[in-house]
Structure formats: C-alpha cells, structure tokens
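Here is the structure we will look at.
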2 protein chains.
Amino acid sequence: MDDTDRRILRILQADCSAPVSEVARQVGLSASPCWKRINRLQESGVIREQVAVLEPEALGYGLTVFMSISTGEHSGEWLRNFAEFVSAMPEVQEFHRMAGEIDYMLKVVVADMKAFDAFYKRLVDTTPLTEVTSRFSMETIKQTTALPV
Amino acid sequence: MDDTDRRILRILQADCSAPVSEVARQVGLSASPCWKRINRLQESGVIREQVAVLEPEALGYGLTVFMSISTGEHSGEWLRNFAEFVSAMPEVQEFHRMAGEIDYMLKVVVADMKAFDAFYKRLVDTTPLTEVTSRFSMETIKQTTALPV
DNA sequence: ACTGAAAACCCGTTCGC
DNA sequence: GCGAACGGGTTTTCAGT
C-alpha cells in the first residue's frame, strides 16, 4: 500500500466508472500494472464494494432522520435480536452501537413525515425502548462515502 | 421509471461492477434495452454516481463520531462560510443542517481519539460554537448507501 | 416508442519481456 | 512496470413489434 495505491483509491472513491486506462494515465502508469493494483486492493478487501449511489430526492425520499436510542434491556440475546431486527429495516442506512449514555444511533431515510411515523411505530411497537430522540435533517450539505486517504 | 427500472437500481445499488449483460439477465431483458435504461437513469440524475466504497479499518480509520452542533451566529454570510469550511474538511462524511434545537449534525471518520481531538480543535478554534456534543460509535452494525427502491 | 439480435469497437485481462 | 495480443463486454445500429 504505497502512495500510488492511495492515489488510485482516491480516484475510485470519487468515480469507479472510469476505464482502468484512464486511472492509469492519471497516476502515471500503464494499464496493466494499474489493473493489478486495483485487483489486489479488491482481493485484500481495501475496496469493499463498488456501488451506484442514487439521488434520494429523485426517488421520493425527502426526509433524513437521526435517531438516538437507549434500550432498557442489555442481555446478549436481546441485543442480538434487536441488531438483526433493525438491520433488516430497509429505511435504516446506518446503525451504530454507541459509547456513553446513548446506546444506538440510527440514520433513517424515508419519503416524508408520514412514512417516518410508520417507521417509528414499527420500531417502538416491536421493541421496548427506554428513550428515543429523533432529529430531522432540513438540508444535506455534504454527503460522501470517501475516506481521506 | 417503472418496476424494471427499480429492479435495475436495486441491483446497481448493491454492485455496479457487474456487466450490463448480467444485470439484463437478472431483470429478464437483453443487453441493449437494459443498457439504455441504465443510461437514462444516469442522464436523468437518478443514479448520482458510481463509487468504490473502501474499508475504513483497512486504512486505519477506526473511529466514527457523530457530532451535534449549535451555533450562536445565524446570519446568512456566517452560515455560508461555516458550511464551506466544514464541507472542506475531509474527515467529514456527512453534514446536515437540522430542524429543532441542534443546528448541525456531523458524521466524522478519523483514525483514533488523538486524531479526533485534532479535528475537534481545528473545528472549534476557527468557529465560535455555542454547544458541541460528540457521540462515539463502538460498532458499526449496518452501513449502506442503498435506498429502499 | 421500445425491444431484441447482430456487428463494431473498445476495454479488461493475461502473457512474455 | 511495460507493451502486445486475446477474449469478452460495452455500445451502436437496424429491423421488428
């Protein structure tokens, strides 16, 4: 993992649809060694996946919500079930177990407030949660999956 | 935007490296009409971008932090400058303007607590913030960019 | 207008150097 | 890491529905 690899990653993080030859040109390599490097980065798991990022607005997903959740239960079995249940909800884009007072943090994307209400009910009806705080995004100023390599 | 388009989007959200012919096979189309649909979805902006998603751990980014920020200032000019300054920080993966008591929400990815401290200082030194709360992720249970199309 | 088959071209991949 | 060569995928065209 040298500097050339990092430059390749920087390019692919921004756009992975470019031909290998173009990536090679940008890092000052010919196509085949560049391809080998990309391949190695994939095999070794540094590149986790290549995905299409969609425009939420274009598909009617207008509301992003961050939810802070505290649970009463903390037994291993209960937490495993909770993790599985929440992970299976397609509206959940991020799901973190947190340090400190808040147990979990969710990022949820839904069509509108009505859809969020439905999601909220589905969540709280099936699981006894001590505290749930929902914070609503008015405007997404920045949104990226790129790491500062 | 019919059901076939949505099925195509579902596939590309999970993996955009698959050949068009393979996507076509999965939705029961031949390659060229499928390619045309994908092309249209790109042109119309439904597909925003195609990116490589990297593995943070593999690159030494071990700490994810959610920050809730309230600012004292609320003048248009100040907010524009603040938005630009924060957006330019590469550690910031998400940056939302929020409704309610909290003004902004950040998702920050850094190497470790020391790196976060440096980031924190850089943030608060350059901007007068009324309140900053940092919440630390212990475990990322789910992380996706996929929308429930 | 959209589909599917075929053809041309370009890219990804593998080789020897 | 380079350059050439092979195989396959992408992209376009065209006729048919």
Side-chain angles (χ1 to χ4, degrees), chain A residues 1-62 90 111 143-149, chain B residues 1-61 90 143-149:
Chain A
M1 167 70 69
D2 60 4
D3 192 59
T4 303
D5 278 348
R6 264 184 285 272
R7 288 177 65 197
I8 291 172
L9 290 175
R10 224 173 295 147
I11 294 166
L12 296 180
Q13 277 196 113
D15 181 14
C16 67
S17 71
V20 175
S21 56
E22 172 59 21
V23 178
R25 197 189 56 76
Q26 286 186 43
V27 299
L29 242 53
S30 70
S32 51
C34 183
W35 179 84
K36 272 186 192 167
R37 282 170 179 268
I38 293 172
N39 210 40
R40 181 158 27 88
L41 290 166
Q42 279 172 158
E43 297 296 324
S44 67
V46 176
I47 297 175
R48 188 202 290 168
E49 52 183 3
Q50 296 179 212
V51 300
V53 179
L54 309 186
E55 187 63 51
E57 308 282 335
L59 292 157
Y61 293 100
Q143 160 108 298
T144 182
T145 55
L147 295 168
V149 290
Chain B
M1 167 69 67
D2 59 5
D3 192 60
T4 304
D5 277 347
R6 265 184 283 274
R7 288 177 64 198
I8 291 172
L9 290 175
R10 223 173 296 147
I11 295 166
L12 296 179
Q13 278 195 113
D15 180 13
C16 66
S17 70
V20 176
S21 56
E22 172 58 22
V23 178
R25 197 190 57 75
Q26 285 187 43
V27 299
L29 244 52
S30 70
S32 53
C34 184
W35 180 85
K36 274 185 189 168
R37 282 170 179 269
I38 294 172
N39 211 39
R40 182 159 20 93
L41 290 166
Q42 279 172 155
E43 297 296 324
S44 66
V46 176
I47 297 175
R48 188 203 288 169
E49 52 183 4
Q50 295 179 212
V51 299
V53 179
L54 309 186
E55 188 63 50
E57 308 282 336
L59 292 155
Y61 293 99
Q143 159 109 298
T144 182
T145 55
L147 295 168
V149 290

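We use all heavy atoms of the structure for the numbers below, so side chains are in, but hydrogens, waters and symmetry mates are not. Residue numbering restarts at 1 for every chain, and letters A, B, ... go by the order of the sequence lines.
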To the nearest Å, give me how far apart [atom1] ([X]) and [atom2] ([N]) are.
| X | N | atom1 | atom2 | result |
| --- | --- | --- | --- | --- |
| A/Arg25 | D/dC2 | CZ | C1' | 18 Å |
| B/Ile38 | C/dC2 | CD1 | C1' | 16 Å |
| B/Ile8 | C/dC2 | CD1 | C1' | 13 Å |

Separation of [Y] [atom2] from [X] [atom1] (nearest 0.5 Å):
| X | Y | atom1 | atom2 | value |
| --- | --- | --- | --- | --- |
| B/Thr145 | B/Glu49 | OG1 | CD | 9.0 Å |
| A/Met1 | A/Arg6 | CE | CZ | 6.5 Å |
| B/Arg10 | A/Leu54 | CZ | CG | 11.5 Å |

Self-check item: Smallest separation among heavy atoms of B/Tyr61 and A/Val149, with atom names
Solution: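 Closest pair (atom of B/Tyr61, atom of A/Val149, distance): OH-N, 3.9 Å.
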Self-check item: Distance below 4.0 Å between B/Arg37 side-chain N/O and C/dC2 OP1 or OP2
Solution: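 Negative; the distance criterion is not met.
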Quiz item: Has B/Arg40 got a side-chain N or O lying under 4.0 Å from the OP1 or OP2 atom of C/dC2?
Solution: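 Checking B/Arg40 against C/dC2: no side-chain N or O falls below 4.0 Å of OP1 or OP2.
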Quiz prompt | Set of residues satisfying side chain to side chain contact (heavy atoms under 4.5 Å, CB included) with respect to A/Ile11, sequence neighbours excluded | solution =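 Listed in chain order: A/Val23, A/Gln26, A/Val27.
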Self-check item: pair A/Asp5-A/Arg40: side-chain heavy atoms closer than 4.5 Å
Solution: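 They are in side-chain contact.
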Exercise. Produce a footprint string for nucleotides 3-17 of chain D: one letter per nucleotide, 5' end first; B if the base is under 4.0 Å from any protein heavy atom, S if only the sugar-phosphate is, - if neither.
Key: B-----SSSB-----
Quiz item: With a 4.0 Å cut-off, would you call A/Arg25 and A/Glu22 a salt bridge?
Solution: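 Yes, this pair counts.
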Quiz prompt | Test: A/Asp2 and A/Arg7 ion pair at under 4.0 Å | solution =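 No, this pair does not count.
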Quiz item: In which ranges does DNA chain C form stems of 3 or more consecutive Watson-Crick or G-U pairs, distances under 3.5 Å?
Solution: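 DNA chain C forms these stems: C:1-11 with D:7-17, C:13-17 with D:1-5.
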